[in-house]
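Below is one structure, written out as structure tokens, with a few remarks after it.
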Number of protein chains: 2
Amino acid sequence: MTISPVSRMPLSLDVAQRLRTAILDGTFAADAELPTETELAQSFGVGRSTIREALRVLQAHGLISGADTVSTARPRVTHERTAGAAGLALSTALQVGAIPLADLVALRVLLEAEAIRQNTSVPATARSCLATMAAAVENADIHTFHAADVDFHVQLAYAGGNRALGFVIGVLRDCIAGYLLDALAAVADPGAVLARLLAEHQGIVDALDAGETDHAAELAVHHISGFYTPETP
Amino acid sequence: MTISPVSRMPLSLDVAQRLRTAILDGTFAADAELPTETELAQSFGVGRSTIREALRVLQAHGLISGADTVSTARPRVTHERTAGAAGLALSTALQVGAIPLADLVALRVLLEAEAIRQNTSVPATARSCLATMAAAVENADIHTFHAADVDFHVQLAYAGGNRALGFVIGVLRDCIAGYLLDALAAVADPGAVLARLLAEHQGIVDALDAGETDHAAELAVHHISGFYTPETP
DNA sequence: TTAACAGCTTGTCTGACAAGCAGCCAGGAG
DNA sequence: CTCCTGGCTGCTTGTCAGACAAGCTGTTAA
């Protein structure tokens, strides 16, 4: 029976946990600036470097802002980045988990079909992605097409209304993105493939516009899984 | 057009990113010790405190070990904690309201139903979880029951064969676990609820044994979503 | 074989300095 | 007299260097 497991924890981690609970408790109001590092160090009775390490942990968890640019602005309590941090963590875990690509694709097919089934209308953002893709087909610009492709699927995913669904789809998409770009770059005639993908996207949107959600979901299934099977016609 | 957005990033974050890609690339072998902080500082040309902040970020992401206890052992490249880090990050997003609980539960329902549909047989590990739960019901031991409950669902999820599916279900389960425990602790008559949950688990196993996978999936849907709707009978 | 010792590593603190930003104050233009 | 502008002074973050305690490890002497 360890009497005080807390004492075996580095001070910086202990401070990080206490700050974390303080933030989640509302002791530090959302969107409010945190005290300065020196003030935090004094109030916790530790050195500034210890406070800095604790702040880094909280920034990695997305609970406070200010990790990405150098500025004199103090960190703020923010909740916007928590989903991003969760996405990064999930993406990392999937990457290092040596999960077969086929499993990732199968999961994505399942989720996107469900998201499309929940869709009632095609969001304007998804339509503009279609336009971007069409322009990219003209120029045979693989990267622009791919970026718009990703955005299109994510927009559709979130349009269903379930944020967890859109979130996981986005993460899966990130994990698969590398494979997809490589596949596109390896194709002999990228233009033809891009045109076919664009047509499939258009088909999904058309089906949704016609109110045929089940058909749209079916099209999406074939659109996604078709790309990852070697026998792409 | 920003010429060098990288230069506006704190050094410690830049170092963290470079270390991260080095780990994911396999430059540092899995389960191998990282160089010492002093060596890293020299090889990156930065001070030791900068390296330490970068290491804290990677530890928060679950990519390297050694964040929880104080010891002289050097951090190792480890992949075991990434799932836990993802669960924690998602849980944070949930607590903060970035992702509604109802959405997560809906997603979990969808995924678990699919996993059960892919099941051909009930794994022995899941059966032993049932036995553990039965014993916990006798003792009204909420925590033991809960642990076995979690394990049961994860075992079923992985039994379907899709590792991505099992993994994501595990992460979702991690992140919802807190709410579930709170709910169990708040119930007036925990024994009755535990008994009902156990019976529902048994029903799913029975349906799978009988080869009625669709029925089993349906039972799982009601089992999970029923628990999170206030009108639990 | 055992016990002391030296070296290394992490965790932490302190002090220092550059860069950027906000606020204030004085002085000149109108 | 009012207003604008320029510079100055703090303050805060990011980073570095040096120091020391505690714990582990390998070596050496008894």
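Owing to the predicted nature of the structure, the values given are computational and were not obtained by experimental measurement. Throughout, protein chains are lettered first and strands after them, A, B, ... in sequence-line order, and every chain is numbered starting at 1.
Put simply, the side chain of A/D141 gets close to the backbone of A/H143: a donor and an acceptor are under 3.5 Å apart. Between the side chain of A/T92 and the main chain of A/L88, a donor-acceptor pair closer than 3.5 Å is present. Judged by distance alone, the side chain of B/S65 and the main-chain N or O of B/T78 form no donor-acceptor pair under 3.5 Å.
Atom-to-atom, CE of B/M9 to C1' of D/dT15 comes out at 16 Å; the value is rounded to the nearest Å. The interatomic distance linking B/L34 (CG) with C/dT9 (P) rounds to 13 Å, in whole Å. Between B/I64 atom CD1 and C/dT10 atom C1' the separation is 13 Å, expressed in whole Å. Going from atom CD of A/E33 over to atom P of D/dT13 covers 9 Å, rounded to whole Å. A straight line from CG of B/L11 to P of D/dA17 spans 12 Å, rounded to a whole angstrom. As a whole-Å value, the separation of A/R56 CZ from D/dT15 C1' is 11 Å. Atom CG in A/L55 sits about 15 Å away from atom C1' in D/dT15, given to the nearest Å.
Residues B/L34 and B/L55 form a side-chain contact, since some pair of their non-hydrogen atoms from C-beta on lies under 4.5 Å apart. Residues B/L197 and B/F145 are in side-chain contact: their nearest non-hydrogen atoms beyond the backbone lie under 4.5 Å apart.
Listed nucleotides D/dG14, C/dT10, C/dT12 differ in distance to B/E37; the shortest reach to its side chain belongs to C/dT10. In this structure, of C/dT10, C/dT12, D/dT13, it is C/dT12 that holds the atom nearest to the side chain of A/P10.
For DNA chain C, the residues of residues 46-53 of chain A within the heavy-atom distance limit of 4.0 Å (strictly under) are A/V46, A/G47, A/R48, A/S49, A/T50, sorted by number.
Salt-bridge annotation for B/D149 and B/R173: present, with a side-chain N of the basic residue lying under 4.0 Å from a carboxylate O of the acidic one.
The aromatic rings of B/H201 and B/H153 stand perpendicular to each other, their planes meeting at an angle above 60°, with 30° marking the opposite boundary.
For the helix from C/dT1-D/dA30 to C/dG30-D/dC1, the terminal axes (five pairs an end, C1' atoms, rotation from four pairs onto the next four) enclose an angle of 10°, given to 10 degrees.
Nucleic acid contact for B/S12: sugar-phosphate only, since backbone atoms but no base atoms lie under 4.0 Å from a heavy atom of the residue.
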Exercise for review: Decide yes or no on side-chain contact (heavy atoms from CB on, under 4.5 Å) for A/Q118 and A/L165, but give the supporting numbers first.
Suggested key: CA-CA 11 Å; A/Q118 293 180 1; A/L165 194 51; 4.0 Å; yes
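A/H61 has its ring centre no less than 6.0 Å from the ring centre of B/H61.
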